[in-house]
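As a basis for the values below, the full set of heavy atoms in this structure was taken, side chains included, without hydrogen atoms, waters or symmetry mates.
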Amino acid sequence: MIGLALSGGGSRAMAFHLGCLRVLCDLGILERIGVLSTISGGSVIGAYYAYTPGKSFDHFESQIRGVLRKGFQRRIALELAKPKNLLPCLASFILAQRQEAAAWLWKREPSRRRYPSRTDIFHRVLQRDLFTGLSLDSPRRNGIEIIIGACDLRTGSAFRFGNHVSGSWRLGETITAEIDVAFAVAASAAYPIFLPALDRTWRFRRKGQEREHRIVLTDGGLYDNLGVQVLEPGRNPEVSLHTFPCEYLIVCNAGHGQDSGEGIPMGFLTRVTRSFDVVHRRVQDAAMHHLHHLKESGLIKGFALPYLGQQDDRLPWKPSCLIPREEVFKYPTDFAPMHDEWIDRLSGRGEQLTRLLVTHYLSELLDTPIRPSETTIER
């Protein structure tokens, strides 16, 4: 089985992954993917690909480009400005702050959940514009398995939505009502600094026991921004809800790589943001190194890691028209509207890196292996 992971990274990730998917389609690999694991921005594009089985790839790409051009910021703002949404969200925000203060002063858990919030508005926008009428068990392209990763802030563990089962190893599988795709994607992409967590109370089954739990779901990148952990071999099915016998892994990483060293984080927000970025990058680096361990130990047959933040001089070879890292790695991850020029740059780098690395490291997956001289390279 071939496993494909699409990392987080907001709209930057969506554009980068679009190029990665385009090449995998051209090479005839995309239709052979057995399981797709997605995080945050990767969840938006990955879920849309998986749950639109009737669309050609060209049609899919055209619509994703349209989504990137419009972004989500303005659509969320317009929905939030409506009195029927603004007043409840404002009341919910004020109540949440009061409960937070009470919890700190009197050491008691907030009793009322935060609903609705800006992330609930995001959920509604996704449901209206991309995933109308789709639930997690809806038909998918080639019957592909899909896992949409989020993080439960209460337990500090991964919470994964799947087409067969959803939940976490701490709580078990959810037996709540049908979960829609838009909700799973919104939870996966709720970057905590900008979007509140989704606060829900659901019923779960674990080891034959049923219990109700309150979950607080946020961006899956907090736990595993690559989305690769769920694809790794050797996961215990008695503990993990999702296990897959993947022999090959293609991990598309839209991370920016090493920090430029620019800027002085003096204020509270810049310090917190930079601290989060440092921890985030270190965890991500460890996950990428672990891929080499899996290959060297024989647990997988091979992997390819198209990485937006890849240092170009460390590639096996360099395509003559390679879009350099320095031109794209600083692009923000927010869901603001994206100009065609940036869509082309980010998706172009994803396309170039994926073609180069898949043909170099996973040539056995190609019907007709491509030699380096056929990829327009520069030694």
Mind checking what makes salt bridge (Lys or Arg N to Asp or Glu O under 4.0 Å) contact with [X], not counting sequence neighbours?
{"X": "Asp344", "result": "Arg65"}
{"X": "Asp180", "result": "none"}
{"X": "Lys82", "result": "Glu79"}
{"X": "Arg69", "result": "Asp340"}

Self-check item: Contact list for residues 55-101, test ring pair (Phe, Tyr, Trp, His ring centres under 6.0 Å), sequence neighbours left out
Solution: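 For residues 55-101, and leaving out neighbouring residues, the ring pair (Phe, Tyr, Trp, His ring centres under 6.0 Å) pairs sorted by first residue read Tyr49-Phe60, Phe57-Phe60, Phe72-Phe122, Phe72-Phe335.
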
Practice problem: Is it possible for you to check whether Arg325 lies under 6.0 Å from the centre of the six-membered ring of Phe329, through NZ or CZ, and within 45° of that ring's axis? | Solution: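 Satisfied, under 6.0 Å and within 45°.
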
Self-check item: Within 45° cone of Trp202 ring axis and under 6.0 Å: Arg200 NZ or CZ
Solution: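 Verdict for Trp202: no cation-pi partner in Arg200.
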
Are [X] and [Y] close enough that some pair of their side-chain heavy atoms sits under 4.5 Å apart?
{"X": "Leu353", "Y": "Leu315", "answer": "yes"}
{"X": "Val23", "Y": "Val358", "answer": "no"}
{"X": "Leu222", "Y": "Leu153", "answer": "yes"}
{"X": "Asp219", "Y": "Leu195", "answer": "no"}
{"X": "Glu100", "Y": "Arg114", "answer": "no"}
{"X": "Met14", "Y": "Leu6", "answer": "no"}
{"X": "Gln99", "Y": "Arg112", "answer": "yes"}
{"X": "Leu346", "Y": "Met338", "answer": "yes"}

Taking 4.0 angstrom as the limit, do [X] and [Y] come out as a salt bridge?
{"X": "Asp26", "Y": "Arg355", "answer": "yes"}
{"X": "Asp312", "Y": "Lys318", "answer": "no"}
{"X": "Arg206", "Y": "Glu173", "answer": "no"}

Quiz item: Can you name the residues that form a ring-ring contact (aromatic ring centres under 6.0 Å, His included) with His242, not counting sequence neighbours?
Solution: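 ring-ring contact (aromatic ring centres under 6.0 Å, His included) check on His242 returns nothing, list empty.
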
For [X], what residues pass the side chain to side chain contact (heavy atoms under 4.5 Å, CB included) criterion, not counting sequence neighbours?
{"X": "Ala47", "value": "Tyr51, Phe131, Ile146, Ile148, Val181, Val185"}
{"X": "Pro337", "value": "none"}
{"X": "Glu178", "value": "Ser135, Asp137"}
{"X": "Ala103", "value": "Pro110"}

I'd like a table of donor-acceptor pairs (distance under 3.5 Å, sequence neighbours excluded) in which one partner is a side-chain atom from residues 287-305, with atom names and distances.
{"from": "Ser297", "atom 1": "OG", "to": "His293", "atom 2": "O", "distance (Å)": "2.8"}
{"from": "Ser297", "atom 1": "OG", "to": "Leu294", "atom 2": "O", "distance (Å)": "3.2"}
{"from": "Lys301", "atom 1": "NZ", "to": "Glu247", "atom 2": "OE2", "distance (Å)": "3.3"}

Review item, side-chain donor-acceptor pairs of residues 27-37, under 3.5 Å, at least two apart:
{"from": "Arg32", "atom 1": "NH1", "to": "Leu365", "atom 2": "O", "distance (Å)": "2.6"}
{"from": "Ser37", "atom 1": "OG", "to": "Gly227", "atom 2": "O", "distance (Å)": "2.5"}

For the [atom1] atom of [X] and the [atom2] atom of [Y], what is their distance to the nearest 0.5 Å?
{"X": "Ile343", "Y": "Glu61", "atom1": "CD1", "atom2": "CD", "result": "9.5 Å"}
{"X": "Leu249", "Y": "Phe244", "atom1": "CG", "atom2": "CZ", "result": "12.0 Å"}
{"X": "Asn225", "Y": "Tyr223", "atom1": "CG", "atom2": "OH", "result": "14.0 Å"}
{"X": "Phe16", "Y": "Thr354", "atom1": "CZ", "atom2": "OG1", "result": "5.5 Å"}
{"X": "Leu366", "Y": "Ser363", "atom1": "CG", "atom2": "OG", "result": "6.5 Å"}
{"X": "Leu308", "Y": "Cys20", "atom1": "CG", "atom2": "SG", "result": "8.5 Å"}

Exercise. Decide yes or no on side chain to side chain donor-acceptor pair (under 3.5 Å) for Ser168 and Arg160, but give the supporting numbers first.
Key: CA-CA 6 Å; Ser168 73; Arg160 296 186 172 103; over 6 Å; no

Practice problem: Verify side chain to side chain contact (heavy atoms under 4.5 Å, CB included) between Ile215 and Arg154, making sure each step is shown before the conclusion. | Solution: CA-CA 6 Å; Ile215 53 176; Arg154 292 203 73 193; 5.9 Å; no

Practice problem: Fit a plane to each ring of Phe161 and Phe183, take the angle between them on a 0 to 90° scale, and name the class: parallel (under 30°), tilted (30 to 60°) or perpendicular (over 60°). | Solution: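 Rings of Phe161 and Phe183: perpendicular, as their planes differ by over 60°.
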
